[in-house]
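To start, the structure under review is shown below, and the notes come after it.
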Amino acid sequence: MIRAELFGMVTGFVPTNTIASGNMLEMLLRRREFMLPVQAAARDDDDELLWRCLSETMRFKPINPGPFRKCAKDYTIAEGSPDATRIRAGTRLLVSTQSAMFDERSVVEPKKFRPDRPKHESMLFGYGLHWCIGAFLAAAQITHTFKPLLKKRGLGRARGRTATCRPSA
Ligand code: HEM
């Protein structure tokens, strides 16, 4: 178990933080109302607020739609409610945390950028038993990678056409 966790830490770091940071930057460049508070937090060296702003940015473009699961035994989701749904053992599921984070029955003003959200409204790092073991590392690394960039004056997209990948002739 210790080996598995250590290797998980080594390999888990590269794709997740890279995609998450790219997604955050894309959203910041797209939405000025996200960029302004993020830049203010960076200039104030308020790391805690900066991470809350960046992770709220990521809620709008998470690294995946949610985890895939295989149902181990027959189970009823929301048992006793009108939405009760029976899942048979062996069923493959996409548990869409992305959708859950925009469910206005549980999340206050989900479409608004609110860095002051309570933690339970974000499922970016999963939930329960498999909650991301690297979440605190991710927060530290991403916050400190972004900070110098966000402090730059005139931060914006480069001029010119959007880069596209074309197969070579
Ligand atoms: C912003 C960056 C990251 C995001 C959004 C993220 C997201 C997630 C999510 C959603 C899960 C749960 C997967 C599931 O339930 O099946 C998870 C698990 C995990 N993450 Fe991350 N992660 C990030 C960064 C990292 C980093 C930096 C590391 C390692 C240093 C890491 C290592 C792991 C490992 C080992 C697990 C499996 C935990 C378990 O199954 O008990 N992640 N991550």
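Order of appearance sets the numbers: ligands from 1, and atoms from 1 within every ligand. Note that these values count all heavy atoms, side chains included, but never hydrogens, waters or copies made by symmetry.
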Report the nearest protein non-hydrogen atom to atom 38 (C) of ligand 1: residue, atom name, distance rounded to 0.1 Å. His130 O, 3.8 Å
For ligand 1, which atoms, with element, lie under 4.0 Å from some heavy atom of Gly126? 10 (C)
Report the part of Cys132 (side chain from C-beta onward, or backbone N, CA, C, O) that has a heavy atom under 4.0 Å from ligand 1; answer both or neither where that applies. both
Surrounding CZ of Arg3 (heavy atoms of other residues, nucleotides or ligands, distance under 6.0 Å), is the total greater than 12? no
Same apolar cluster (I L V M F W Y, side chains within < 4.5 Å links), Leu149/Phe34: yes
Test salt bridge (Lys or Arg N to Asp or Glu O under 4.0 Å) applied to Glu26 and Lys61, step by step: CA-CA 9 Å; Glu26 172 61 28; Lys61 196 167 169 56; over 6 Å; no
Residues Ile142 and Ser21: closest non-hydrogen pair is CG1-OG, 3.7 Å
Verify same cluster id: Phe136, Tyr127 (apolar side-chain graph, 4.5 Å): yes
Pick one of side chain, backbone, both or neither for how Ile142 approaches ligand 1, counting any non-hydrogen atom pair under 4.0 Å. side chain
Nearest protein heavy atom with distance in Å, relative to atom 25 (C) of ligand 1: Thr16 OG1, 3.4 Å
Among all the protein's non-hydrogen atoms, which is closest to atom 30 (C) of ligand 1, and how far away is it? Met9 O, 3.1 Å
Just which atoms of ligand 1 are under 4.0 Å from any heavy atom in Ala20? 1 (C)
Can you tell me if Glu33 has over 12 outside heavy atoms packed within less than 6.0 Å of its CD? yes
I'd like to check which ligand 1 atoms, numbered from 1 as shown, lie under 4.0 Å from a non-hydrogen atom of Leu137. 30 (C)
For the pair Phe60 and Phe113, name the ring-plane relationship: parallel under 30°, tilted 30 to 60°, perpendicular over 60°. tilted
Does any N or O atom in Asn17 lie less than 3.5 angstrom from one in ligand 1, N or O only? no
Quick one: do Arg52 and Glu56 make a salt bridge, cutoff under 4.0 Å? no
Is it the case that ligand 1 has an N or O less than 3.5 angstrom from some N or O of Arg69? yes
Considering only protein heavy atoms, which is closest to atom 6 (C) of ligand 1, and at what distance to one decimal place? Phe125 CD2, 3.7 Å
For atom 26 (C) of ligand 1, state which one of Ala4, Pro62, Gly134 supplies the nearest heavy atom. Gly134
Numbered atoms of ligand 1 (with element) below 4.0 Å of Gly8, judged on heavy atoms: 32 (C), 35 (C)
Hydrophobic cluster membership, Trp131 vs Leu124, 4.5 Å side-chain cutoff: yes
Is Leu124 touching ligand 1 with its side chain, its backbone, both, or neither, if touching means heavy atoms under 4.0 Å apart? backbone
Do Leu137 and Met24 share a hydrophobic cluster, counting only Ile, Leu, Val, Met, Phe, Trp and Tyr and linking them when any side-chain heavy atoms are less than 4.5 Å apart? no
Any non-hydrogen protein atom less than 4.0 Å away from atom 9 (C) of ligand 1: yes
Nearest-contact summary for atom 35 (C) of ligand 1 - protein heavy atom, Å: Ile133 CG2, 3.2 Å
